[in-house]
2 protein chains.
Amino acid sequence: MTTDSSAEESPSRGKRADAQRNRQTVLAAAAEVFVTSGVDAPIRQIAAQAGVGMATIYRHFPTRADLVTAVYRHQIEACAEAGPNLLASAGSPLDALRQWIDLFVDFLVTKHGLADALQSDNDRFAALHAYFLDRLLPVCTQLLDAAVEADDIRPGTQPYELMRGIGNLCIGSDNDPRYNPRRLITLLLQGLQRPHGS
Amino acid sequence: MTTDSSAEESPSRGKRADAQRNRQTVLAAAAEVFVTSGVDAPIRQIAAQAGVGMATIYRHFPTRADLVTAVYRHQIEACAEAGPNLLASAGSPLDALRQWIDLFVDFLVTKHGLADALQSDNDRFAALHAYFLDRLLPVCTQLLDAAVEADDIRPGTQPYELMRGIGNLCIGSDNDPRYNPRRLITLLLQGLQRPHGS
DNA sequence: GACAAAGTGGAGCATCGCTCCGGATACTAA
DNA sequence: TTAGTATCCGGAGCGATGCTCCACTTTGTC
């Protein structure tokens with residue numbers, strides 16, 4: 001993480017120049033298409049937007065999950081890195097947890113269909129699911145542990161289950177003013193708080 | 001509800017005998033296929049299982065939601081009717097709400113992919129969504145209101161949002177021992193309970 | 001400039017949703 | 001019983017999509 005241009009990931013280093021160029025073109029096209037058509041957009045459409053053949057996309061990103069992961073990689077990293085920072089800056093571990101979950105929810109609800117894809121029972125997105133877990137589960141665990149340690153919330157909650165639940169609650173939150181996942185997540189966190197009497 | 005044979009719904013009364021027979025055949029085949037392949041199973045597969053052509057299925061059940069609705073109609077009705085009964089038999093309105101939600105969750109998690117379908121952002125299942133709301137939302141509202149009235153839970157919760165959230169939490173709960181939606185739903189209900197001090 | 005390795009594009013196959021229409025079937029009237 | 005007709009049925013067929021395969025092109029190197 002020294003310069004911006006080194007943000008090119010290993011998959012493109014050492015490859016031919018045209019291959020690297022195409023990789024970036026596809027990434028940009030996919031990002032654009034995802035905004036309007038969701039992460040389930042036809043590969044053909046992304047290929048057309050990028051001006052390349054379908055095979056080029058499949059070569060660089062064997063599964064759809066690889067493509068989605070690459071497109072949102074930076075934002076996922078940012079979310080992961082925000083965890084420890086919040087723990088240091090927030091008033092309490094519980095506040096840090098709250099704010100981090102807010103970030104996570106922000107990320108999910110602004111990507112059309114991403115939450116749906118994450119929890120999809122078909123395993124087309126298994127790799128994406130794995131990547132999310134890899135990067136975010138440790139952060140969530142740390143925040144949860146800190147909150148338990150500070151006696152803010154009751155112990156015993158599984159981080160995986162919590163993250164999965166939050167992701168699930170974000171599904172389909174677009175275009176339905178009657179459904180706001182944040183309210184339910186607030187409720188969930190309230191249920192998590194230790195009853196100070198017992 | 002006088003005899004079993006009167007369980008035939010209006011869509012099949014007054015039709016030709018073979019049409020009624022086919023309708024039942026398709027329903028049975030769909031129920032069977034849904035168990036193994038989920039509610040997203042290809043129409044061709046259901047047609048093959050029933051030994052009829054695809055057009056026959058589309059004729060009787062124009063949309064997939066119509067078919068799913070017909071298959072699970074009785075169970076949805078049973079869930080709807082259980083609401084008032086629980087309110088009468090349970091120790092408190094909150095207990096009734098808890099037990100009813102338990103029934104609802106039971107129904108959702110035992111149908112492969114049904115929860116997913118319910119909240120799907122594509123509107124292939126819009127009619128199913130509507131039917132669920134039609135039958136269950138009033139029941140949920142009644143239970144929620146009773147619990148608020150009894151001072152068991154805080155006021156202000158939207159029944160639609162709660163049901164939607166519970167449905168979302170049930171998504172993808174098959175084949176993942178690490179994820180149990182019931183634990184999260186318990187947490188949610190705990191957050192719903194009125195803090196007795198304030 | 002020639003050569004091999006690496007990369008590319010789109011035709012092609014399979015699957016699935018949904019429609020369309022020639023033919024089969026069940027009721028009815030004589 | 002036998003036509004006659006309204007109703008119903010089956011599966012071929014079309015368009016969309018995921019993914020693969022391979023002849024052709026481009027790049028880097030000697």
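So you know, we letter chains A, B, ... as the sequences are listed, proteins then strands, and number each from 1.
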S.K.: Between the side chains of B:Asp106 and B:Lys111, is the shortest nitrogen-to-carboxylate-oxygen separation below 4.0 Å, so that they form an ion pair?
M.R.: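 Result for this pair is no, no salt bridge flagged.
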S.K.: Do A:Asp95 side-chain atoms and A:Ala90 backbone N/O form a donor-acceptor pair below 3.5 Å?
M.R.: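 Here the side-chain-to-backbone pair does not exist.
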S.K.: In whole angstrom, give the distance that lies between atom CG of B:Asn22 and atom C1' of D:dC9.
M.R.: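 Answer to the nearest Å: 8 Å.
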S.K.: Would you check if there is a donor-acceptor pair between the side chains of A:Arg135 and A:Tyr131 at a distance under 3.5 Å?
M.R.: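 No.
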S.K.: Using modelled atom types and a 3.5 Å cut-off, is there a donor and acceptor pairing between side-chain atoms of A:Asn168 and backbone atoms of B:Asn168?
M.R.: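 Confirmed, A:Asn168 side chain pairs with B:Asn168 backbone.
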S.K.: In whole angstroms, how far is the P atom of D:dA16 from the CD1 atom of A:Ile43?
M.R.: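 That distance rounds to 17 Å.
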S.K.: Atom CZ of A:Arg23 to atom P of C:dT8: distance rounded to whole Å?
M.R.: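 Taking CZ of A:Arg23 and P of C:dT8, I get 12 Å after rounding.
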S.K.: Are A:Asn22 and A:Thr25 close enough that a side-chain donor and a side-chain acceptor fall under 3.5 Å?
M.R.: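 There is no such pair between these side chains.
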S.K.: In whole Å, what is the span from the CZ atom of A:Phe61 to the P atom of C:dT8?
M.R.: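 After rounding, the gap between these two atoms is 11 Å.
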S.K.: Taking CD from A:Gln20 and P from C:dA6, how many angstroms apart are they, rounded to a whole number?
M.R.: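 Rounded to the whole Å, the gap is 15 Å.
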S.K.: Please report, rounded to the nearest Å, how far the P atom of C:dC18 is from the NE2 atom of B:His60.
M.R.: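 Atom-to-atom, B:His60 to C:dC18, this comes out as 17 Å.
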S.K.: Would you tell me whether B:Asp66 and B:Thr69 have side-chain atoms, one donor and one acceptor, within less than 3.5 Å of each other?
M.R.: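 No pair is found: no donor N or O on one side chain lies under 3.5 Å from an acceptor on the other.
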S.K.: Is there any protein nitrogen or oxygen under 3.5 Å from a nitrogen or oxygen in nucleotides 10-14 of chain C, and what are the pairs?
M.R.:
| residue | atom | partner | partner atom | Å |
| --- | --- | --- | --- | --- |
| C:dG12 | O6 | A:Arg44 | NH2 | 3.2 |

S.K.: If you define the side chain from C-beta out and look only at heavy atoms, does anything of A:Arg23 sit under 4.5 Å from A:Phe61?
M.R.: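 Side chain of A:Arg23 against side chain of A:Phe61, heavy atoms only: contact under 4.5 Å found.
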S.K.: Within the side chain of B:Arg164, is there an N or O that forms a donor-acceptor pair under 3.5 Å with the backbone of A:Gly172?
M.R.: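 Between the backbone of A:Gly172 and the side chain of B:Arg164 there is a qualifying donor-acceptor contact (under 3.5 Å).
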S.K.: When you measure from the side chain of B:Glu161 to the backbone of A:Asn180, do you find a donor-acceptor pair of N or O atoms at a distance under 3.5 Å?
M.R.: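 The answer is yes, because a donor-acceptor pair under 3.5 Å joins these two groups.
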S.K.: List the protein contact pattern of nucleotides 23-30 of chain D with one symbol per nucleotide (5' to 3'): B for base contact, S for sugar-phosphate-only contact, - for none; contact means a heavy-atom distance under 4.0 Å.
M.R.: ---BSS--
S.K.: Without swapping roles, check the side chain of B:Arg73 against the backbone of B:Val68 for a donor-acceptor pair under 3.5 Å.
M.R.: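 Such a contact is absent between B:Arg73 side chain and B:Val68 backbone.
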S.K.: Taking for each residue the nucleotide of DNA chain C bearing the nearest heavy atom, is the 5' side occupied by B:Pro62 or by A:Ala19?
M.R.: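 Final value for this comparison: A:Ala19.
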S.K.: Specify the residues of residues 124-132 of chain B, ordered by number, for which at least one heavy atom lies under 4.0 angstrom from an atom of DNA chain C.
M.R.: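 Per residue number, the list is empty: none.
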S.K.: Decide yes or no for B:Asp174 and B:His112: does some side-chain heavy atom of the first lie under 4.5 Å from some side-chain heavy atom of the second?
M.R.: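 The answer is yes, as the side chains (C-beta and beyond) meet within the 4.5 Å cut-off.
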S.K.: Nearest whole angstrom, please: distance from the P of D:dT17 to the CD of A:Gln45.
M.R.: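 Atom-to-atom, A:Gln45 to D:dT17, this comes out as 8 Å.
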S.K.: For the pair made of CD in A:Gln24 and P in C:dG7, what is the distance, rounded to whole Å?
M.R.: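 In whole Å, C:dG7 P and A:Gln24 CD are 15 Å from each other.
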